[in-house]
2 protein chains.
Amino acid sequence: MLDVAKVAGVSVATVSAVINSSAPVSPELRSRIEQAIGQIGYKRNAIARSLKLGTTRTVGLMVADITNPFFTDVVAVIQEVLHRAGYAVMLCCSDEDVILQDEQIALLIDRSVDGLIIAPAGDDETLKRMIAAASLPTVLIDRLCDGIDTDAVVLDNRRAVQDATRYMLGLGHRRIGYISGALDTSTGRERLSGYRAALEAAGLPFEESLIRIGNFREKDAYTAAIQLLTSPERPTGIFSANNLMVIGVMKAIRDIGLRCPDDVSVASFDDFPWADVFQPHLTTIAQPVQAIGEQAAQLVLDRLSGASPETPRRLVLQGRLVIRDSCRPVSLAQRAIA
Amino acid sequence: MLDVAKVAGVSVATVSAVINSSAPVSPELRSRIEQAIGQIGYKRNAIARSLKLGTTRTVGLMVADITNPFFTDVVAVIQEVLHRAGYAVMLCCSDEDVILQDEQIALLIDRSVDGLIIAPAGDDETLKRMIAAASLPTVLIDRLCDGIDTDAVVLDNRRAVQDATRYMLGLGHRRIGYISGALDTSTGRERLSGYRAALEAAGLPFEESLIRIGNFREKDAYTAAIQLLTSPERPTGIFSANNLMVIGVMKAIRDIGLRCPDDVSVASFDDFPWADVFQPHLTTIAQPVQAIGEQAAQLVLDRLSGASPETPRRLVLQGRLVIRDSCRPVSLAQRAIA
DNA sequence: CAGCCTAATCTAAACGTTTCGAGGCTGTCA
DNA sequence: TGACAGCCTCGAAACGTTTAGATTAGGCTG
């Protein structure tokens, strides 16, 4: 910029004024400066600018698992909306690990991001402290955390799972295995509570032995499903609390030598683009990923521009049960087993 | 930092010395300073540091489609390796769009990333110019660009597709439809050339009418497959040049009222974690995603630390044909049609 | 005891911007 | 003609670091 000023024979202040059109500059100087810029090939240094302005026009985005299609769909739309608004996105991934999560958040805050969008891997004190200390515009997505009182956009998890469970009950299933996400996540807890509520509404008992923790991971879900399927009273249906885990469940069913839906009915949280073309066509709960991403991005943009109310806004969206054919009415043979 | 210095009763230079252990400091002062840091809760400002040092410890990562599981797998490992090395990752996505790609690269360079890892959406002049002008450590992944002469890690696309095509030919298929990626990508061209080479080796003619461009996108591939399947001489097999497109192909087959593999055999580039549990079990070419990610990250890290040779390094990895059961020997009935 | 060396500490400049306040010029009005 | 307002332009400080080079103190040597 100093060079530009020299070439144009003006002061840096004037150059800055034309670049940011922050002050009136005579047409003559303006053109001289613009020409000098073109000649030198000058690009303003964003770092120096950030230092002076205290703003980076970057928002940190942290998801629990970059490999999960649900998150990538959401990331894609957030990315797009923020980019349109002139913000860059710094993406991190905690791999469902709280330690890693804290490291990454620290890294983002360290880099002075202007805002934060987080799908937390789990409640933890450090996270709370860091967010409070940083006091940045923050929005939680997918999952909430006790004690983090910020904007958020989440699903009505309880209701969605309640619907799905009611559907399975309606097909005559009485023993429905449940592969849960980690219970230190809000989604883990809420989804399970939906299952429980459906059972209760149907006047059925809640059996601990039908619940297994799959930690939202394929591998853990596989082990969990194997246990469920080899237990003395095998469930006639299994509900998986997310998309990654249902793959593990299906592998378990195959490895045990059973078939879905003939021997075991399966339903799952999160939809797949290929679900209605590969068999069994999975019955799932589809999340409005587009809306989630848009709203989250908008919430953070609103706060960034100071257009938000003081009190945190909490958006709750609804899932949609997509019935395909991975669930079947309970057969006589299955009844006999149970 | 000034505050810390005041509290500890020393100069900022000394504080800086203890923070970076860049100069010897007496134990007494060191502990006074450390205490002051704790008391104030001081965190060093990375922006100011970047300005002074001219380094951001951030690398830009740009992929063509964040929604594609192949890319997310690679992104996940790059992320992890770079994080371990103390670098942050700034992720962007071009959505297979050259214009968007240029915007995003400009944004990354503008933010002064220290290095760049790019899976280009396509050859284009602007990209070349920007990369040359920025003269940053750059590594291309998945796809090469004419005229961008940097480190790179790619697959032996030609050979992989040649293997797969030979396999289909071995099953008796003579009319194999080919859904191609965009031909302004190196992967688009190389994969197609593998198909062509296999045909040639088998002494069969290459028919333009069997080739359709699906642009690596599900939607375009769907349209392309519909055309192929409704043509007078319907192919008995279809090869899809990536994972997203094979979904479109399967949807087309279903919508036309055909079945895979009974009526049409299908094989595809890129593997899926669920491929051997949902039917039809897709025959695919699996890419070594872990290795691709690790090598790419390592290449950029090496250059960042100045440990690289002057000449660009080009790593070519091999794919692996995973035979499942979406391809079947050509039946008599199919022969009759053709 | 002067002179020197070493080790610890400090001062101040620099990185590339933005911006505040001051100053200069032009033109208008009394 | 002088006062004043308005518009441009500029100088310089500030953002929070790092670091080269100056300074100081203390110990050793001759």
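So you know, we letter chains A, B, ... as the sequences are listed, proteins then strands, and number each from 1. Model, not experiment: these values are computed from the prediction.
In summary, the side chains of E294(A) and Q290(A) do present a donor paired with an acceptor at a separation below 3.5 Å, with no hydrogens or angles considered. For the residue pair Q39(B) / Q35(B), no side-chain donor-acceptor distance below 3.5 Å is found, with atom types taken as modelled. Defined by atom type and a distance below 3.5 Å, a donor-acceptor pair is missing between the side-chain atoms of T58(A) and R111(A).
Atom CD1 of I47(A) and atom C1' of dT18(D) are 15 Å apart (whole Å). In this entry the distance linking CZ of R32(B) with P of dA8(C) reads 15 Å, nearest Å.
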List the steps and the verdict of side chain to side chain contact (heavy atoms under 4.5 Å, CB included) for V289(A) and V77(A). CA-CA 8 Å; V289(A) 284; V77(A) 352; 5.8 Å; no
Go through the steps to decide whether V139(B) and T150(B) satisfy the test side chain to side chain contact (heavy atoms under 4.5 Å, CB included), and finish with yes or no. CA-CA 6 Å; V139(B) 2; T150(B) 65; 5.6 Å; no
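D114(A) CG to L301(A) CG: the interatomic distance, rounded to the nearest 0.5 Å, is 11.0 Å.
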Go along nucleotides 10-22 of chain C 5' to 3' and tag each nucleotide: B for a protein heavy atom under 4.0 Å from its base, S when only backbone or sugar atoms are that close, - otherwise. BB--BBBBBB---
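Regarding contacts with the backbone of dT17(D), every side-chain N or O of S50(B) stays at 4.0 angstrom or more from both OP1 and OP2.
Salt bridge present: E96(A) and R143(A) bring a charged side-chain N and a carboxylate O closer than 4.0 Å.
Here the closest non-hydrogen pair linking Y42(B) and M1(B) is CE1-N, 3.3 Å.
If one axis is set at each end of the helix from dC1(C)-dG30(D) to dA30(C)-dT1(D) from five pairs, those axes are 70° apart, to 10°.
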